[in-house]
Number of protein chains: 2
Amino acid sequence: MNKSVNSTQLKKIIREIGVKVTRQRLIILENILTGDEHVTAQAVYESIRHIAPDIGFATVYRFLRTLCDHKVLTEVRMRGLPARYEWAQKKHHDHLSCVRCKCIYEFENEQIEALQIEIAKKFGFKLTEHILELYGVCSKCQIEQNIPKEVSTPLQTSHVAQL
Amino acid sequence: MNKSVNSTQLKKIIREIGVKVTRQRLIILENILTGDEHVTAQAVYESIRHIAPDIGFATVYRFLRTLCDHKVLTEVRMRGLPARYEWAQKKHHDHLSCVRCKCIYEFENEQIEALQIEIAKKFGFKLTEHILELYGVCSKCQIEQNIPKEVSTPLQTSHVAQL
DNA sequence: ATCAAAAGTGAAAGTCATTATCATTTGCAA
DNA sequence: TTGCAAATGATAATGACTTTCACTTTTGAT
(Lines give C-alpha, C1' and ligand atoms only; values in the text may rest on other atoms or scores of the structure.)
Protein backbone atom coordinates (compact mmCIF):
# COMPACT_ATOMS: atom_id res chain seq x y z
CA MET A 1 0.00 0.00 0.00
CA ASN A 2 1.44 3.44 1.01
CA LYS A 3 0.27 5.28 -2.05
CA SER A 4 0.85 9.02 -1.84
CA VAL A 5 -2.17 11.29 -2.17
CA ASN A 6 -2.39 15.05 -2.13
CA SER A 7 -5.18 16.83 -0.32
CA THR A 8 -6.55 18.26 -3.56
CA GLN A 9 -7.48 14.77 -4.69
CA LEU A 10 -9.02 14.01 -1.32
CA LYS A 11 -11.03 17.22 -1.35
CA LYS A 12 -12.30 16.40 -4.81
CA ILE A 13 -13.60 13.04 -3.67
CA ILE A 14 -15.34 14.57 -0.67
CA ARG A 15 -16.89 17.42 -2.66
CA GLU A 16 -18.09 15.07 -5.34
CA ILE A 17 -20.26 13.21 -2.89
CA GLY A 18 -21.81 16.52 -1.91
CA VAL A 19 -20.61 16.97 1.66
CA LYS A 20 -18.40 19.53 3.33
CA VAL A 21 -14.65 19.20 3.38
CA THR A 22 -13.42 18.97 6.95
CA ARG A 23 -10.11 18.23 8.57
CA GLN A 24 -11.42 14.97 10.03
CA ARG A 25 -12.75 13.77 6.70
CA LEU A 26 -9.45 14.49 4.99
CA ILE A 27 -7.58 12.55 7.65
CA ILE A 28 -9.96 9.61 7.55
CA LEU A 29 -9.97 9.47 3.77
CA GLU A 30 -6.21 9.70 3.50
CA ASN A 31 -5.85 6.94 6.05
CA ILE A 32 -8.12 4.65 4.08
CA LEU A 33 -6.40 5.47 0.81
CA THR A 34 -2.88 4.90 2.06
CA GLY A 35 -3.54 2.17 4.62
CA ASP A 36 -4.41 -1.48 4.51
CA GLU A 37 -7.30 -2.88 2.58
CA HIS A 38 -10.26 -4.42 4.35
CA VAL A 39 -10.05 -2.20 7.40
CA THR A 40 -12.64 -2.04 10.13
CA ALA A 41 -14.02 1.23 11.48
CA GLN A 42 -12.19 0.55 14.73
CA ALA A 43 -8.92 0.06 12.86
CA VAL A 44 -9.32 3.39 11.10
CA TYR A 45 -10.19 5.08 14.37
CA GLU A 46 -7.14 3.67 16.12
CA SER A 47 -4.82 4.27 13.21
CA ILE A 48 -5.85 7.92 13.23
CA ARG A 49 -5.61 8.44 16.98
CA HIS A 50 -1.91 9.21 17.13
CA ILE A 51 -2.15 11.90 14.48
CA ALA A 52 -5.54 13.32 15.47
CA PRO A 53 -6.66 12.08 18.87
CA ASP A 54 -9.56 14.49 18.90
CA ILE A 55 -11.50 12.68 16.16
CA GLY A 56 -14.29 10.67 17.73
CA PHE A 57 -15.26 7.21 16.57
CA ALA A 58 -18.76 8.47 15.78
CA THR A 59 -17.20 10.65 13.11
CA VAL A 60 -15.30 7.72 11.67
CA TYR A 61 -18.40 5.53 11.55
CA ARG A 62 -20.49 8.34 10.12
CA PHE A 63 -18.07 9.18 7.34
CA LEU A 64 -17.45 5.55 6.48
CA ARG A 65 -21.21 5.16 6.11
CA THR A 66 -21.41 8.25 3.93
CA LEU A 67 -18.62 6.95 1.71
CA CYS A 68 -20.48 3.66 1.35
CA ASP A 69 -23.74 5.41 0.56
CA HIS A 70 -21.99 7.20 -2.24
CA LYS A 71 -20.25 4.08 -3.54
CA VAL A 72 -16.78 5.36 -2.74
CA LEU A 73 -16.34 2.44 -0.39
CA THR A 74 -17.91 -0.97 -0.19
CA GLU A 75 -18.85 -2.54 3.09
CA VAL A 76 -17.80 -6.16 3.42
CA ARG A 77 -19.49 -8.13 6.16
CA MET A 78 -18.03 -11.55 6.72
CA ARG A 79 -19.92 -13.70 9.19
CA GLY A 80 -20.94 -11.87 12.31
CA LEU A 81 -17.63 -9.98 12.26
CA PRO A 82 -17.34 -6.20 12.28
CA ALA A 83 -17.78 -4.59 8.88
CA ARG A 84 -14.69 -4.03 6.77
CA TYR A 85 -14.31 -1.37 4.14
CA GLU A 86 -12.62 -1.40 0.78
CA TRP A 87 -12.47 0.92 -2.22
CA ALA A 88 -15.43 0.44 -4.47
CA GLN A 89 -13.79 -0.89 -7.58
CA LYS A 90 -15.18 -0.86 -11.07
CA LYS A 91 -14.66 -4.59 -11.26
CA HIS A 92 -16.81 -6.58 -8.89
CA HIS A 93 -15.18 -9.30 -6.83
CA ASP A 94 -15.97 -11.66 -4.00
CA HIS A 95 -14.07 -12.86 -0.97
CA LEU A 96 -12.37 -15.96 0.27
CA SER A 97 -11.37 -15.92 3.92
CA CYS A 98 -9.41 -18.20 6.21
CA VAL A 99 -11.36 -19.21 9.29
CA ARG A 100 -8.14 -19.60 11.21
CA CYS A 101 -5.90 -16.59 10.47
CA LYS A 102 -8.71 -14.41 9.04
CA CYS A 103 -6.72 -13.48 5.94
CA ILE A 104 -8.87 -12.34 3.04
CA TYR A 105 -8.37 -13.01 -0.65
CA GLU A 106 -10.37 -11.56 -3.49
CA PHE A 107 -11.49 -13.29 -6.63
CA GLU A 108 -13.66 -12.68 -9.65
CA ASN A 109 -15.72 -15.16 -11.54
CA GLU A 110 -17.89 -14.16 -14.45
CA GLN A 111 -19.64 -17.50 -14.70
CA ILE A 112 -20.95 -17.28 -11.16
CA GLU A 113 -22.07 -13.69 -11.75
CA ALA A 114 -24.03 -14.77 -14.79
CA LEU A 115 -25.64 -17.67 -12.96
CA GLN A 116 -26.74 -15.38 -10.16
CA ILE A 117 -28.51 -13.05 -12.53
CA GLU A 118 -30.24 -16.03 -14.08
CA ILE A 119 -31.44 -17.27 -10.71
CA ALA A 120 -32.79 -13.86 -9.70
CA LYS A 121 -34.64 -13.63 -12.98
CA LYS A 122 -36.32 -16.99 -12.39
CA PHE A 123 -37.71 -15.65 -9.10
CA GLY A 124 -38.83 -12.40 -10.67
CA PHE A 125 -36.34 -10.45 -8.56
CA LYS A 126 -34.63 -7.26 -9.59
CA LEU A 127 -31.18 -8.05 -8.29
CA THR A 128 -29.54 -5.19 -6.42
CA GLU A 129 -26.62 -6.89 -4.78
CA HIS A 130 -25.12 -10.20 -3.85
CA ILE A 131 -22.68 -11.64 -1.42
CA LEU A 132 -20.50 -14.62 -2.13
CA GLU A 133 -18.15 -15.54 0.63
CA LEU A 134 -16.03 -18.64 0.78
CA TYR A 135 -14.62 -19.79 4.09
CA GLY A 136 -11.90 -22.32 4.57
CA VAL A 137 -8.41 -22.97 5.79
CA CYS A 138 -5.65 -21.30 3.79
CA SER A 139 -2.62 -23.25 2.66
CA LYS A 140 -0.40 -21.71 5.30
CA CYS A 141 -2.80 -22.60 8.12
CA GLN A 142 -3.22 -26.14 6.81
CA ILE A 143 0.50 -26.63 7.38
CA GLU A 144 0.54 -24.89 10.75
CA GLN A 145 -2.46 -26.80 12.05
CA ASN A 146 -0.46 -28.17 14.97
CA ILE A 147 0.77 -24.74 16.08
CA PRO A 148 -1.64 -23.11 18.54
CA LYS A 149 -3.96 -20.57 16.97
CA GLU A 150 -2.64 -17.01 17.12
CA VAL A 151 -4.10 -14.75 19.76
CA SER A 152 -2.76 -11.44 18.48
CA THR A 153 -4.43 -9.18 15.93
CA PRO A 154 -5.13 -11.13 12.76
CA LEU A 155 -3.05 -10.24 9.76
CA GLN A 156 -5.01 -8.89 6.84
CA THR A 157 -3.54 -9.82 3.53
CA SER A 158 -5.24 -9.22 0.25
CA HIS A 159 -4.83 -10.31 -3.33
CA VAL A 160 -6.98 -10.31 -6.40
CA ALA A 161 -7.10 -13.11 -8.86
CA GLN A 162 -8.91 -13.51 -12.12
CA LEU A 163 -10.36 -16.95 -12.54
CA MET B 1 -45.87 -25.86 8.49
CA ASN B 2 -47.69 -27.22 11.60
CA LYS B 3 -46.22 -30.67 11.45
CA SER B 4 -47.12 -32.78 14.44
CA VAL B 5 -44.28 -34.15 16.52
CA ASN B 6 -44.32 -36.36 19.56
CA SER B 7 -41.99 -35.81 22.46
CA THR B 8 -40.26 -39.15 21.87
CA GLN B 9 -38.90 -37.85 18.59
CA LEU B 10 -37.83 -34.63 20.20
CA LYS B 11 -36.09 -36.44 23.03
CA LYS B 12 -34.27 -38.59 20.53
CA ILE B 13 -32.89 -35.54 18.73
CA ILE B 14 -31.72 -33.97 21.99
CA ARG B 15 -30.12 -37.15 23.31
CA GLU B 16 -28.34 -37.75 20.04
CA ILE B 17 -26.44 -34.51 20.34
CA GLY B 18 -25.32 -35.62 23.78
CA VAL B 19 -27.06 -33.15 26.06
CA LYS B 20 -29.67 -33.52 28.77
CA VAL B 21 -33.35 -33.58 27.96
CA THR B 22 -35.07 -30.69 29.70
CA ARG B 23 -38.55 -29.24 29.58
CA GLN B 24 -37.25 -26.02 28.04
CA ARG B 25 -35.33 -27.83 25.32
CA LEU B 26 -38.38 -29.88 24.39
CA ILE B 27 -40.49 -26.75 24.13
CA ILE B 28 -37.91 -24.85 22.10
CA LEU B 29 -37.32 -27.76 19.76
CA GLU B 30 -41.02 -28.39 19.22
CA ASN B 31 -41.56 -24.74 18.47
CA ILE B 32 -38.84 -24.74 15.83
CA LEU B 33 -40.10 -27.97 14.30
CA THR B 34 -43.72 -26.89 14.05
CA GLY B 35 -43.26 -23.17 13.48
CA ASP B 36 -42.12 -20.97 10.64
CA GLU B 37 -38.89 -21.41 8.80
CA HIS B 38 -36.12 -18.83 9.09
CA VAL B 39 -36.97 -17.81 12.62
CA THR B 40 -34.84 -15.55 14.77
CA ALA B 41 -33.92 -16.36 18.37
CA GLN B 42 -36.18 -13.52 19.48
CA ALA B 43 -39.06 -14.95 17.48
CA VAL B 44 -38.65 -18.35 19.14
CA TYR B 45 -38.42 -16.71 22.55
CA GLU B 46 -41.58 -14.71 22.01
CA SER B 47 -43.47 -17.56 20.43
CA ILE B 48 -42.73 -19.65 23.49
CA ARG B 49 -43.57 -17.01 26.08
CA HIS B 50 -47.32 -17.67 26.23
CA ILE B 51 -46.85 -21.38 26.85
CA ALA B 52 -43.76 -21.19 29.07
CA PRO B 53 -43.08 -17.64 30.24
CA ASP B 54 -40.40 -18.86 32.61
CA ILE B 55 -37.95 -19.79 29.85
CA GLY B 56 -35.28 -17.11 29.60
CA PHE B 57 -33.91 -15.90 26.31
CA ALA B 58 -30.42 -16.96 27.36
CA THR B 59 -31.68 -20.54 27.28
CA VAL B 60 -33.15 -20.05 23.83
CA TYR B 61 -29.94 -18.56 22.47
CA ARG B 62 -27.85 -21.23 24.15
CA PHE B 63 -29.86 -24.12 22.83
CA LEU B 64 -30.08 -22.66 19.34
CA ARG B 65 -26.30 -22.43 19.37
CA THR B 66 -25.99 -26.02 20.57
CA LEU B 67 -28.31 -27.17 17.80
CA CYS B 68 -26.18 -25.33 15.27
CA ASP B 69 -22.96 -26.76 16.68
CA HIS B 70 -24.41 -30.21 16.19
CA LYS B 71 -25.68 -29.48 12.69
CA VAL B 72 -29.32 -29.88 13.64
CA LEU B 73 -29.90 -26.28 12.66
CA THR B 74 -28.12 -23.91 10.32
CA GLU B 75 -27.58 -20.29 11.15
CA VAL B 76 -28.39 -17.91 8.33
CA ARG B 77 -27.00 -14.40 8.64
CA MET B 78 -28.25 -12.02 6.00
CA ARG B 79 -26.56 -8.61 6.08
CA GLY B 80 -26.29 -7.18 9.55
CA LEU B 81 -29.69 -8.64 10.45
CA PRO B 82 -30.27 -10.94 13.43
CA ALA B 83 -29.40 -14.56 12.78
CA ARG B 84 -32.16 -16.82 11.50
CA TYR B 85 -32.32 -20.55 11.99
CA GLU B 86 -33.45 -23.32 9.71
CA TRP B 87 -33.32 -27.09 9.78
CA ALA B 88 -30.01 -28.36 8.51
CA GLN B 89 -31.05 -30.13 5.35
CA LYS B 90 -29.18 -32.80 3.50
CA LYS B 91 -29.37 -30.73 0.37
CA HIS B 92 -27.45 -27.47 0.52
CA HIS B 93 -29.13 -24.33 -0.65
CA ASP B 94 -28.57 -20.58 -0.71
CA HIS B 95 -30.80 -17.59 -0.14
CA LEU B 96 -32.41 -14.83 -2.10
CA SER B 97 -33.93 -12.03 -0.06
CA CYS B 98 -36.02 -8.97 -0.79
CA VAL B 99 -34.43 -5.80 0.53
CA ARG B 100 -37.86 -4.24 0.89
CA CYS B 101 -40.18 -6.82 2.51
CA LYS B 102 -37.37 -9.08 3.79
CA CYS B 103 -38.98 -12.24 2.40
CA ILE B 104 -36.55 -15.09 1.88
CA TYR B 105 -36.46 -17.63 -0.94
CA GLU B 106 -34.20 -20.63 -1.17
CA PHE B 107 -32.49 -21.97 -4.25
CA GLU B 108 -29.97 -24.57 -5.24
CA ASN B 109 -27.45 -24.41 -8.02
CA GLU B 110 -24.97 -27.17 -8.63
CA GLN B 111 -22.95 -25.21 -11.16
CA ILE B 112 -22.18 -22.45 -8.69
CA GLU B 113 -21.25 -25.02 -6.05
CA ALA B 114 -18.79 -26.64 -8.42
CA LEU B 115 -17.26 -23.31 -9.39
CA GLN B 116 -16.75 -22.41 -5.76
CA ILE B 117 -14.82 -25.57 -5.08
CA GLU B 118 -12.68 -24.86 -8.09
CA ILE B 119 -11.88 -21.33 -6.91
CA ALA B 120 -10.94 -22.51 -3.42
CA LYS B 121 -8.66 -25.12 -4.93
CA LYS B 122 -6.87 -22.48 -6.98
CA PHE B 123 -6.07 -20.58 -3.78
CA GLY B 124 -4.94 -23.70 -1.96
CA PHE B 125 -7.84 -23.41 0.48
CA LYS B 126 -9.56 -26.30 2.16
CA LEU B 127 -13.14 -25.05 1.81
CA THR B 128 -15.21 -25.43 4.95
CA GLU B 129 -18.22 -23.31 4.18
CA HIS B 130 -19.61 -20.69 1.88
CA ILE B 131 -22.29 -18.08 1.82
CA LEU B 132 -24.12 -16.99 -1.27
CA GLU B 133 -26.77 -14.40 -0.73
CA LEU B 134 -28.66 -12.56 -3.40
CA TYR B 135 -30.43 -9.33 -2.55
CA GLY B 136 -32.99 -7.61 -4.66
CA VAL B 137 -36.56 -6.46 -4.96
CA CYS B 138 -39.12 -9.25 -5.21
CA SER B 139 -41.80 -9.18 -7.90
CA LYS B 140 -44.48 -8.14 -5.42
CA CYS B 141 -42.44 -5.22 -4.13
CA GLN B 142 -41.57 -4.08 -7.64
CA ILE B 143 -45.28 -3.57 -8.25
CA GLU B 144 -45.93 -1.94 -4.89
CA GLN B 145 -43.02 0.44 -5.18
CA ASN B 146 -45.28 3.46 -4.92
CA ILE B 147 -46.99 2.26 -1.75
CA PRO B 148 -45.10 3.40 1.38
CA LYS B 149 -42.83 0.77 2.84
CA GLU B 150 -44.45 -1.32 5.54
CA VAL B 151 -43.58 -0.50 9.11
CA SER B 152 -45.00 -3.63 10.74
CA THR B 153 -43.21 -6.95 11.21
CA PRO B 154 -41.94 -8.20 7.89
CA LEU B 155 -43.61 -11.28 6.49
CA GLN B 156 -41.34 -14.27 6.15
CA THR B 157 -42.19 -16.48 3.23
CA SER B 158 -40.08 -19.34 2.05
CA HIS B 159 -39.85 -21.54 -1.00
CA VAL B 160 -37.27 -23.84 -2.46
CA ALA B 161 -36.56 -24.08 -6.12
CA GLN B 162 -34.25 -26.33 -8.09
CA LEU B 163 -32.48 -24.45 -10.82
C1' DA C 1 -13.52 39.68 4.40
C1' DT C 2 -17.83 38.92 6.97
C1' DC C 3 -21.52 36.43 8.45
C1' DA C 4 -25.44 33.50 9.16
C1' DA C 5 -27.39 29.07 7.90
C1' DA C 6 -26.56 24.60 7.30
C1' DA C 7 -23.65 20.95 7.99
C1' DG C 8 -20.44 18.60 10.84
C1' DT C 9 -18.42 17.23 15.26
C1' DG C 10 -17.32 14.78 19.90
C1' DA C 11 -18.79 12.96 24.12
C1' DA C 12 -21.84 10.38 25.94
C1' DA C 13 -25.85 7.79 26.08
C1' DG C 14 -28.69 4.52 23.70
C1' DT C 15 -29.66 0.19 20.71
C1' DC C 16 -29.70 -4.29 19.49
C1' DA C 17 -28.29 -8.93 19.25
C1' DT C 18 -25.86 -11.85 21.63
C1' DT C 19 -22.77 -13.83 25.36
C1' DA C 20 -21.01 -14.33 30.10
C1' DT C 21 -21.62 -14.77 35.08
C1' DC C 22 -23.31 -17.02 38.84
C1' DA C 23 -26.41 -18.64 42.32
C1' DT C 24 -29.92 -22.01 42.14
C1' DT C 25 -32.26 -25.98 40.20
C1' DT C 26 -32.62 -30.28 37.64
C1' DG C 27 -31.60 -34.58 34.93
C1' DC C 28 -29.90 -38.85 35.31
C1' DA C 29 -26.16 -42.48 36.12
C1' DA C 30 -24.92 -45.18 39.83
C1' DT D 1 -32.32 -42.06 46.40
C1' DT D 2 -28.67 -39.52 45.86
C1' DG D 3 -24.58 -36.89 44.17
C1' DC D 4 -23.09 -33.95 41.03
C1' DA D 5 -22.29 -32.30 36.45
C1' DA D 6 -25.19 -30.02 33.48
C1' DA D 7 -28.69 -26.70 32.76
C1' DT D 8 -31.28 -22.66 33.84
C1' DG D 9 -32.78 -17.73 34.43
C1' DA D 10 -31.94 -13.16 36.01
C1' DT D 11 -29.00 -9.89 35.23
C1' DA D 12 -24.89 -7.75 33.83
C1' DA D 13 -21.72 -7.34 30.22
C1' DT D 14 -20.17 -7.02 25.52
C1' DG D 15 -19.36 -5.38 20.85
C1' DA D 16 -20.55 -2.83 17.08
C1' DC D 17 -22.70 0.60 15.87
C1' DT D 18 -26.20 4.71 15.97
C1' DT D 19 -28.37 8.66 17.97
C1' DT D 20 -28.56 12.86 20.50
C1' DC D 21 -27.36 17.33 21.40
C1' DA D 22 -24.82 21.37 22.53
C1' DC D 23 -21.14 23.33 20.34
C1' DT D 24 -18.04 24.31 16.19
C1' DT D 25 -16.87 24.75 11.36
C1' DT D 26 -17.59 25.26 6.48
C1' DT D 27 -19.24 27.76 2.84
C1' DG D 28 -22.17 30.53 -0.21
C1' DA D 29 -23.88 35.02 -0.40
C1' DT D 30 -22.83 39.57 0.39
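So you know, we letter chains A, B, ... as the sequences are listed, proteins then strands, and number each from 1. All heavy atoms count here, side chains included; hydrogens, waters and symmetry mates do not. These numbers come from a predicted model, not from an experiment.
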Phosphate-side-chain proximity, T22(B) and dT26(C), N/O vs OP1/OP2 below 4.0 Å: no

Between C1' of dT19(C) and CG of D69(B), the distance in whole Å: 13 Å

R65(A) vs dT19(D): side-chain N/O to OP1/OP2 distance below 4.0 Å: no

Donor-acceptor side-chain pairing of E86(A) and H95(A) below 3.5 angstrom: yes

Touch class at under 4.0 angstrom, heavy-atom based, for A83(B) against every strand present: sugar-phosphate

Distance in angstrom units between M78(B) CE and dA17(C) P, rounded: 17 Å

Atom pair distance, as rounded to whole Å: CZ in F63(B) and C1' in dG27(C): 14 Å

Sugar-phosphate, base or nothing in reach of R62(A), heavy atoms under 4.0 Å: base

Side-chain N,O (Y61(B)) to OP1/OP2 (dT18(C)) below 4.0 Å: yes

Q116(B) and H130(B) side chains, donor-acceptor separation under 3.5 Å: yes

Atom-to-atom span, CD of E46(B) to P of dC16(C) - whole angstrom: 12 Å

Atom-pair distance (CZ on R15(A); P on dT27(D)), nearest Å: 6 Å

Earlier contact from the 5' end, DNA chain C, for P82(B) and Y45(A): Y45(A)

Full working for side-chain hydrogen bond (donor to acceptor under 3.5 Å, both in side chains) between R49(B) and Y45(B): CA-CA 6 Å; R49(B) 279 195 76 70; Y45(B) 173 65; 2.6 Å; yes

Polar side chain donor-acceptor pair, H92(B) to E110(B), under 3.5 angstrom: no

Any R25(A) side-chain nitrogen or oxygen under 4.0 Å from OP1 or OP2 of dT9(C): yes

5'-most by nearest nucleotide on DNA chain D - A58(A) or Q42(A): Q42(A)

Between dT25(C) (P) and K20(B) (NZ): distance, integer Å: 16 Å

Given DNA chain C, 5'-ward residue of the pair F57(B) and D54(A), judged by closest heavy atom: D54(A)

Gap between atoms CD1 and C1', on I27(B) and dT26(C) respectively (whole Å): 14 Å

Integer-rounded Å distance: dA7(D) C1' and L64(B) CG: 16 Å

Short side-chain N/O contact to dG9(D) OP1/OP2 from Q24(B), under 4.0 Å: yes

Short side-chain N/O contact from R77(A) to OP1 or OP2 of dC17(D), under 4.0 Å: yes

Intermediate values then yes/no, ring-ring contact (aromatic ring centres under 6.0 Å, His included), F125(A) and Y105(B): CA-CA 10 Å; F125(A) 267 60; Y105(B) 288 80; 5.6 Å; yes

